J.: 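Sending over a structure as structure tokens; questions will come in a sec.
Every number for a ligand or one of its atoms is a count from 1 in the order of the listing. These values consider heavy atoms only, across backbone and side chains, with no hydrogens, waters or symmetry-generated copies. Since this is a predicted model, take the numbers as computed values, not measurements.
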Amino acid sequence: MWPQLGTGCYTNVLLCRRSLLAAALDKRHRGAAQADSNIRHLSRCKALVYTNHGDPAHVIQLQNVDLPPLGPKDVLVKILAAPINPSDINMIQGTYAILPDLPAIGGNEGVAQVVEVGGQVTSLQKGDWVIPRDAGLGTWRTAAVLDEEDVISVPGDIPLLAAATLGVNPCTAFRMLVDFEHLEPGDSVIQNAANSGVGQALIQIAAARGINTINVLRDRPEFTQLSDRLKALGASHVIKEDALRRPEMKELFKMCPKPKLALNAVGGKSAIELLRHLRIGGSMVTYGGMSRQPVTVPVSALIFKDVKVCGFWVTQWKRQHSIGAFRSMLDELCSLIRQGKLSAPACAEVALGDYRQALDAAMQPFTSAKQILIT
Ligand SMILES: NC(=O)c1ccc[n+]([C@@H]2O[C@H](COP(=O)([O-])OP(=O)(O)OC[C@H]3O[C@@H](n4cnc5c(N)ncnc54)[C@H](OP(=O)(O)O)[C@@H]3O)[C@@H](O)[C@H]2O)c1
């Protein structure tokens, strides 16, 4: 079973695919290179630090942290926005596959702006927007001194929230869509946790390629609104978990072919139900374990349907592939963003100082809103 287990579901639904606040933030941050001359000689930053593993609400503290001097291959960056992802929570809890030495700064993802470069830096310049190349950077802070190789530049003309959430979830969705099955326009993919950040990215990337998506959600009072929102992103079908066991699925498969690919972020019964509808010879890729239940594979699925059951971890992908491969994926995703075909997930923007509220919201079920810390 996959190591990152259930956390991070949300209660406050704040529909801000491209909110006015985000637009205002974009404008503010585009002018930030100038304003950030103020932090050029910063020796300290504010950061969300934990010295022990445990409940994030108890172990995370906002602290002043000393910045190291800028080395010749370093860049000084101002962090602009950083999301709270389930893996960030699991890292703080001490249950994730990789754990930093303590004390550590929370957060693995985000977008930052370069405000000063060391004398031997070749790949970046002042004003560039950058995102982490690997997990473990500690992004919940106002500024950082980083090796230029710790980050990769992204275009400064994409929306701030799209940049802040680009490096993990859209990359995961992209890889799972292209690396496991050969999918043609008209083919189908089925996924659970379809309202997750990964799920929303998957819907949009698949739609841009003409691939049908069958999107499974847990039932909730506002199911119809959420379903409408996912359909507006390009979801072909949105169904409740219990519909997977009902005869109405036969009707659905008159409209689109059985899926070649199932994407599982939940585990337990939900994963078994995905397998039930997979095409003979198809693949189920597990990338999350939000229910904290193991994935049990019926013998019949292996013998009579010859399904392939495997896992995916984007951190491992980044470590095993060249910077050029990462760059080419980012280019493709940024092109979709520029064309209006891929947007940031529904989100709630929260000031860094209000981190307790953001952490609390990030750990509630049925929120459908990614918490983004704005620094
Ligand atoms: N393997 C990788 O490389 C990789 C990369 C990125 C993410 N992930 C994993 O993918 C999952 C989703 O991440 P994200 O950032 O996209 O998530 P997110 O935006 O924080 O959304 C969380 C999702 O999990 C669902 N969920 C929460 N608790 C659940 C439970 N007990 N049973 C069923 N569903 C539950 C939520 O649905 P409700 O609205 O119904 O609560 C929501 O769809 C996480 O497990 C994360 O660790 C893995």
J.: Salt-bridge test for Glu241 and Lys269: reply yes if a basic N is under 4.0 Å from a carboxylate O, no otherwise.
T.: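 Not counted as a salt bridge, because no side-chain N and carboxylate O are separated by less than 4.0 Å.
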J.: With heavy-atom distances below 4.0 Å as the criterion, list the atoms of ligand 1 near Asn85.
T.: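 In order of number, 15 (O).
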J.: Select the closest option to atom 26 (N) of ligand 1 among Gln191, Lys370, Gln371, Met290, judged by heavy-atom distance.
T.: Met290
J.: Would Thr315 count as being in polar contact with ligand 1, using the rule that some N or O on each side must be under 3.5 angstrom apart?
T.: no
J.: Identify, with sequence neighbours excluded, every residue that meets side-chain contact (heavy atoms from CB on, under 4.5 Å) alongside Ile272.
T.: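 Checked Ile272 against side-chain contact (heavy atoms from CB on, under 4.5 Å); matches are Thr296, Pro298.
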J.: Which of the atoms of ligand 1 are close to Gly288, meaning less than 4.0 Å from one of its heavy atoms?
T.: 45 (O)
J.: Quick check: does Phe312 get an N/O under 3.5 Å from an N/O on ligand 1?
T.: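 Indeed, backbone or side chain, Phe312 has an N or O that close.
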J.: Is there any N or O on Pro86 that sits under 3.5 Å from an N or O of ligand 1?
T.: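 Between Pro86 and ligand 1 (N or O atoms, distance only) the closest approach is not under 3.5 Å.
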J.: Can you tell whether the side chains of Arg209 and Glu332 come within less than 4.0 Å, N to carboxylate O?
T.: yes
J.: Does one side chain, of Asn195 or Ser368, offer a donor that lies under 3.5 Å from an acceptor on the other?
T.: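 Short answer, yes.
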J.: Provide the number and element of each atom of ligand 1 under 4.0 Å from a heavy atom of Asn169.
T.: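 In order of number, 6 (C), 7 (C), 14 (P), 15 (O), 16 (O).
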J.: Out of Arg220, Arg292, Gln316, Arg218, whose heavy atom is nearest to atom 34 (N) of ligand 1?
T.: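 Comparing heavy atoms across Arg220, Arg292, Gln316, Arg218, the nearest one to atom 34 (N) of ligand 1 lies in Arg218.
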J.: Is it the case that ligand 1 has an N or O less than 3.5 angstrom from some N or O of Ala265?
T.: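 By distance alone, the answer is no.
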J.: What distance separates Met284 CE from Asn264 CG, expressed to the nearest 0.5 Å?
T.: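 One finds 5.0 Å between CE of Met284 and CG of Asn264.
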J.: Under a 4.0 angstrom heavy-atom cut-off, which atoms of ligand 1 come close to Val198?
T.: 6 (C), 7 (C), 16 (O)
J.: Atoms of ligand 1 less than 4.0 Å from Ala193 heavy atoms?
T.: 43 (O)
J.: Could you tell me whether Lys126 and Glu116 have a side-chain N and a carboxylate O separated by less than 4.0 Å?
T.: no
J.: With the threshold set at 4.0 Å, does a side-chain nitrogen-carboxylate oxygen contact exist between Asp360 and Arg356?
T.: no
J.: Out of all atoms in ligand 1, which are within 4.0 Å of some heavy atom of Trp313? Include the element for each.
T.: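 Taking each heavy atom of Trp313 in turn, ligand 1 has 1 (N), 2 (C), 3 (O) under 4.0 Å.
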J.: Just checking, is any N or O donor in the side chain of Asn215 or Lys231 under 3.5 Å from an acceptor N or O on the other one?
T.: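 No, no side-chain donor-acceptor pair sits under 3.5 Å.
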J.: Thr213 and Gln191: side-chain donor and acceptor closer than 3.5 Å?
T.: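 No, no side-chain donor-acceptor pair sits under 3.5 Å.
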J.: Give yes if a backbone or side-chain nitrogen or oxygen of Val314 is under 3.5 Å from a nitrogen or oxygen of ligand 1, and no if not.
T.: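 Yes, there is a polar N/O contact under 3.5 Å.
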